[in-house]
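Lettering of chains follows the sequences in order, A, B, ..., and the numbering in each one begins at 1. As a basis for the values below, the full set of heavy atoms in this structure was taken, side chains included, without hydrogen atoms, waters or symmetry mates. Please read these numbers as outputs of a predicted model, since none were measured by experiment.
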Amino acid sequence: MEFTVQQIAEVLGGTVEGDAAQRISSLAKIEEAQAGSLTFLSNAKYEPFLYETGASAIIVGNAQELRQPIVPALIRVENPYTAFSQLLEFYAQATRTGKRGVEQPSFIGETSKIGPGHYRGAFSYIGDDCQLGEDVLVFPHAYIGDRVTIGAGSVIHAGAKIYSDTVIGRFCVVKAGAVVGSDGFGFAPQPDGSYKAIPQIGNVVLEDYVSIGANATIDCATLGSTRIGRGSKIDNLVQLAHNVEIGQHTVIASQTGIAGSAKIGDHCVLAGQVGMAGHVTLANKTTVTAQSGVGKNVKKEGLILQGSTAFDFKQNQRAQIVFRRLPELEQRVILLEKAQNTTEKP
Amino acid sequence: MEFTVQQIAEVLGGTVEGDAAQRISSLAKIEEAQAGSLTFLSNAKYEPFLYETGASAIIVGNAQELRQPIVPALIRVENPYTAFSQLLEFYAQATRTGKRGVEQPSFIGETSKIGPGHYRGAFSYIGDDCQLGEDVLVFPHAYIGDRVTIGAGSVIHAGAKIYSDTVIGRFCVVKAGAVVGSDGFGFAPQPDGSYKAIPQIGNVVLEDYVSIGANATIDCATLGSTRIGRGSKIDNLVQLAHNVEIGQHTVIASQTGIAGSAKIGDHCVLAGQVGMAGHVTLANKTTVTAQSGVGKNVKKEGLILQGSTAFDFKQNQRAQIVFRRLPELEQRVILLEKAQNTTEKP
Amino acid sequence: MEFTVQQIAEVLGGTVEGDAAQRISSLAKIEEAQAGSLTFLSNAKYEPFLYETGASAIIVGNAQELRQPIVPALIRVENPYTAFSQLLEFYAQATRTGKRGVEQPSFIGETSKIGPGHYRGAFSYIGDDCQLGEDVLVFPHAYIGDRVTIGAGSVIHAGAKIYSDTVIGRFCVVKAGAVVGSDGFGFAPQPDGSYKAIPQIGNVVLEDYVSIGANATIDCATLGSTRIGRGSKIDNLVQLAHNVEIGQHTVIASQTGIAGSAKIGDHCVLAGQVGMAGHVTLANKTTVTAQSGVGKNVKKEGLILQGSTAFDFKQNQRAQIVFRRLPELEQRVILLEKAQNTTEKP
């Protein structure tokens with residue numbers, strides 16, 4: 001994709017200073033930009049880069065003054081950050097998710113339906129009795145089982161696996177390699193010490209605007225639904241076990257694991273590598289810091305928790321500091337004990 | 001799939017009270033059931049739901065008494081829980097793993113053989129010189145390399161990758177996206193500070209009734225075999241490195257990682273996010289709690305271990321409690337020291 | 001693959017004692033070897049196995065003396081370990097990565113080019129405007145987006161996903177199921193408490209000789225590049241977030257997670273399940289032990305760090321030891337306090 005500086009300026013409603021015929025093929029940060037790329041200046045802190053950048057063109061504010069001559073072309077607009085963000089979204093859409101049509105070979109069950117404007121990549125698989133809305137994109141190697149519904153505008157990336165009976169809302173994103181709806185880890189111990197798999201016949205429900213990270217795994221419910229609320233964002237390699245329920249607009253960072261039947265409220269933030277025990281409940285607006293373990297219900301809203309058995313963040317920070325001094329602390333107790341013995345003797 | 005209440009009652013050897021012609025299309029918990037679904041009542045605690053549930057039919061015990069009129073049809077049987085479990089297994093089998101036949105396009109090397117009753121989904125790949133038993137199910141996008149053997153009744157889910165020379169027993173389950181038999185992480189440091197890959201030519205052996213979770217990774221042995229014993233269950237996103245050996249009927253929960261050449265006994269339970277160092281041995285019947293780290297051999301059977309350098313569970317619990325009070329404890333030592341100084345001066 | 005002992009001896013430039021016509025079909029450790037396999041003796045510690053091994057042939061040093069009669073054939077060479085390593089590499093290459101040619105069906109965009117000596121497995125997908133060098137192997141179900149470049153000799157394993165605009169150097173390995181270049185986890189909080197995805201238009205750059213583990217996830221940069229330096233090795237299930245930069249010859253073990261924009265130096269070693277916060281910098285030659293968390297910049301080279309908020313390894317070890325005694329330590333403080341009270345009263 002290449003555009004001239006002039007073409008971009010017209011899209012943004014901006015005015016050009018300098019060589020408007022230059023061709024732009026990429027977007028870049030001002031400190032990293034090279035020939036052929038377009039950048040922007042919004043934060044005054046970065047102004048020195050105006051005169052050093054290798055970019056071919058720079059989006060600047062209408063009021064931006066120049067202290068010295070400048071090589072790149074300028075595109076002047078009201079708000080450079082907003083203008084650049086528009087270009088970013090356009091570029092991302094054009095290069096990553098702008099696919100349409102059907103590549104062959106691809107597979108779709110005869111009883112499944114998909115709306116207009118869709119993409120089905122080569123080697124994508126859609127089973128029977130599925131209902132996919134308009135503008136749904138199914139990338140190569142995506143697997144969609146039977147009786148799955150996917151709302152308009154959702155994107156199923158390469159090699160994602162959506163098991164039978166999953167319900168996905170509108171404008172959801174399931175990233176590459178994610179597994180949504182595989183059997184939960186439920187085994188009944190037998191008298192001889194072996195385990196027997198408990199049938200898992202529930203499903204997974206993703207409400208609108210949910211995002212699932214690459215290679216994340218979301219197990220189906222044993223009965224009923226594993227559910228992720230509207231707008232919640234799940235990062236790469238996260239594990240959500242059977243019957244987990246996540247509220248709305250909650251963010252769960254990479255490699256966190258939530259055990260079976262746990263319930264997380266709305267507007268929570270779980271940082272990376274957090275673990276949460278089964279059947280535990282987290283109140284709305286709870287924050288859990290990285291690598292913490294949550295083993296008990298949290299009923300009060302708005303707490304920040306930390307630690308391997310997570311408790312109050314600041315209390316944990318203070319305890320961690322003393323932890324480092326533990327050997328000295330023990331020495332001091334020993335000295336006190338010796339002194340006491342000395343004192344007592346006479 | 002739809003059945004009438006009468007049809008289900010006949011399968012279960014039960015008797016119907018109420019509208020036997022109603023159509024049932026799903027199974028549900030009594031507190032979540034809606035029209036068209038069948039549920040059951042086994043635990044007396046849930047009896048109030050008998051009169052509130054939205055289910056179309058309920059499986060109850062022959063002796064179940066009714067305190068008030070009831071809308072759903074009843075199917076009376078000797079043991080409602082057992083009857084419902086039978087239906088669950090039937091339903092899971094019918095909807096999830098009841099596939100048979102070959103979808104096209106799919107790929108199988110000319111020298112590979114697969115028994116009767118199998119399923120090969122579209123875009124599944126089976127290399128050369130493989131031996132797959134009867135009733136083996138290979139879902140779409142599953143990759144099976146060369147010289148792989150898979151026993152009767154095993155299921156390879158969508159997008160699972162089984163590397164060359166892997167040996168899989170009977171009635172195993174490899175869930176979606178799992179990677180079994182990729183090269184171990186072995187690199188020899190070179191004099192210039194770079195690393196050279198050590199060839200990994202061993203394989204992975206899964207004995208009968210083993211289950212591997214979604215997106216789990218099981219590396220092949222450098223030489224010999226990485227081995228998982230009969231009936232052991234491995235959860236999603238678990239990492240088992242080269243030459244790891246797992247005993248029989250051991251359960252390893254999600255996101256746990258076992259480093260190279262570690263050996264875990266029979267009937268062990270490792271909770272989620274546990275880490276285990278290389279070459280370490282765990283005795284039979286060891287339990288390790290979530291997020292713990294095991295760095296030393298455990299020779300005594302039946303211990304419960306906890307902590308970032310795991311030790312006895314109860315001892316760790318007590319230490320964790322004092323850990324929270326560390327800042328106060330340090331203050332108390334300071335006070336004692338001050339008092340001592342005061343005492344000493346005169 | 002089968003060779004006679006004589007054929008192998010000729011390749012290694014060795015001399016045979018015993019039955020040179022025996023057929024060899026596998027390589028094995030001396031203590032595990034069975035009929036049909038070849039092993040070696042390098043370390044004198046294993047000498048007793050010379051007389052016990054089930055191998056059909058053994059590679060030994062020219063000077064190796066025999067204390068008793070021996071059943072297997074011997075191949076005498078100057079350096080048994082080197083000779084065996086050569087065979088290992090040959091065997092690994094022949095059985096695992098020696099594929100060439102194109103299996104059908106496979107997909108490649110019309111505008112993409114791939115050099116001679118390549119392999120494209122069935123159901124592999126290569127998008128538009130890609131440039132793949134000679135001897136590049138693309139295994140079944142691998143997904144390669146648009147405008148990807150891959151250097152000569154690199155291997156993309158089964159079901160790996162390489163997103164658009166990724167740049168991969170020469171002799172890289174991307175293992176099964178790895179996701180390279182999916183969108184970073186960047187969301188802008190909105191006034192109503194919801195989140196809006198920030199367009200991610202950067203890419204991932206893997207320099208030469210980089211290895212990416214099975215089911216690992218490497219996010220693309222928001223702008224610019226997520227970069228892994230020459231010769232660095234990334235293990236299974238590792239998460240590298242957007243804009244992470246890894247130096248040269250750095251090793252990162254399984255299940256470690258590195259948050260956005262963190263920078264790791266050259267020749268570092270991160271053990272398994274380590275977490276590293278966003279924007280943090282690690283100096284060259286830093287070692288971080290398993291399950292540790294790194295939250296602050298490390299400027300000094302060569303440190304070994306440990307702990308949930310990682311600090312000096314030895315200091316942490318000492319603190320961990322006292323941690324186990326915390327309940328007793330608290331008791332001792334209580335006794336001191338009681339004694340003091342007693343002392344003060346009179």
Side-chain angles (χ1 to χ4, degrees), chain B residues 105 107 123 125 127 141 143 145-147 159 161 163-165 177-179 182-183 185 187 193-195 197-201 215-217 219 223-224 237 239 241 255 257 259 273 275 277 291 293 295 307-309 311 315-316 318-323 325-326 329 332-333 335-336 339-340 343, chain C residues 26-29 32 85 88-89 91-93 95-96 103-105 121-123 139-141 157-159 173 175-177 209 211 213-215 230-231 233 235-237 248-249 251 253-255 266-267 272-273 290-291 307-308 317 320 323-327 329-330 333-334 336-337 340 343-344:
Chain B
F107 186 100
F123 315 123
Y125 181 100
H141 307 118
Y143 166 81
D146 300 330
R147 300 174 302 282
K161 292 100 187 166
Y163 269 72
S164 294
D165 302 302
V179 176
S182 64
D183 278 1
F185 195 63
F187 298 94
S194 70
Y195 294 89
I198 296 168
Q200 307 282 319
I201 70 159
N215 285 346
T217 57
D219 283 348
L223 272 172
L237 295 169
Q239 151 79 357
Q255 297 179 322
Q273 300 183 332
Q291 297 191 318
S308 65
T309 55
F311 55 101
Q315 194 185 346
N316 188 291
R318 286 193 296 263
Q320 282 288 353
I321 289 164
V322 184
F323 173 76
R325 295 195 290 258
L326 266 186
L329 185 65
R332 286 156 64 186
V333 171
L335 285 178
L336 284 165
Q340 188 192 34
T343 315
Chain C
S26 66
L27 305 176
K29 295 183 198 171
E32 296 175 348
S85 295
L88 279 177
E89 290 201 18
Y91 187 90
Q93 215 273 336
T95 60
R96 303 290 167 92
E103 294 168 353
Q104 292 299 354
F123 315 122
F139 276 77
H141 307 118
H157 279 277
V173 175
K175 291 183 186 169
Y209 297 98
S211 179
N215 284 349
R230 178 186 177 91
K233 312 297 184 189
D235 200 357
N236 298 347
L237 294 170
Q248 298 188 355
H249 309 300
V251 173
S254 181
Q255 297 179 322
D266 301 337
H267 301 289
Q273 299 183 332
Q291 297 190 318
S308 67
Q317 296 269 25
Q320 282 287 352
F323 173 75
R324 298 189 182 202
R325 294 196 290 259
L326 267 185
L329 186 65
E330 195 183 40
V333 171
I334 290 169
L336 285 164
E337 289 168 337
Q340 189 193 34
T343 314
E344 281 174 354

Please flag which part of [X] lies under 4.5 Å from any non-hydrogen atom of chain B: side chain, backbone, both or neither.
| X | answer |
| --- | --- |
| C:Glu330 | both |
| C:Glu89 | both |
| C:Ser211 | side chain |
| C:Phe123 | side chain |
| C:Ala28 | backbone |
| C:Pro105 | side chain |

Can you find a heavy atom in the side chain of [X] that is under 4.5 Å from one in the side chain of [Y]?
| X | Y | value |
| --- | --- | --- |
| B:Val322 | C:Leu329 | no |
| C:Leu336 | B:Val333 | no |
| B:Leu223 | C:Leu88 | yes |
| B:Arg332 | C:Ile334 | yes |

With sequence neighbours excluded, tell me which residues meet ring-ring contact (aromatic ring centres under 6.0 Å, His included) with B:Phe185.
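Result, ring-ring contact (aromatic ring centres under 6.0 Å, His included) vs B:Phe185: B:Phe187.
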Under the ring-ring contact (aromatic ring centres under 6.0 Å, His included) rule, collect the residues that match up with C:Phe139, sequence neighbours excluded.
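Expected list: C:Tyr119, C:His157.
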Is there a donor-acceptor pair closer than 3.5 Å between any side-chain N or O of C:Lys175 and the backbone N or O of B:Asp183?
yes
Using modelled atom types only, decide if a donor and an acceptor are shared between the side chain of C:Gln255 and the backbone of B:Leu237 within a distance under 3.5 Å.
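Pair found, side chain donor or acceptor close to backbone of B:Leu237.
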Could you measure the distance from the [atom1] atom of [X] to the [atom2] atom of [Y]? Nearest 0.5 Å is fine.
| X | Y | atom1 | atom2 | answer |
| --- | --- | --- | --- | --- |
| B:Lys161 | C:Asn215 | NZ | CG | 6.0 Å |
| C:Arg325 | B:Gln315 | CZ | CD | 10.5 Å |
| B:Tyr125 | C:His141 | OH | NE2 | 9.0 Å |

Checked B:Gly145, B:Ser194, B:Ala241 vs chain C; the most non-hydrogen pairs under 4.5 Å come from B:Ser194
Taking C:Lys233, C:Gln320, C:Gln104 one by one, which has the highest count of heavy-atom pairs under 4.5 Å against chain B?
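Of the candidates given, the most pairs with chain B belong to C:Lys233.
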Taking side chain as everything from C-beta outward and backbone as N, CA, C, O, which of these in B:Ser182 sits under 4.5 Å from a heavy atom of chain C? Side chain, backbone, both or neither.
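For B:Ser182, the contact with chain C is made by the side chain alone.
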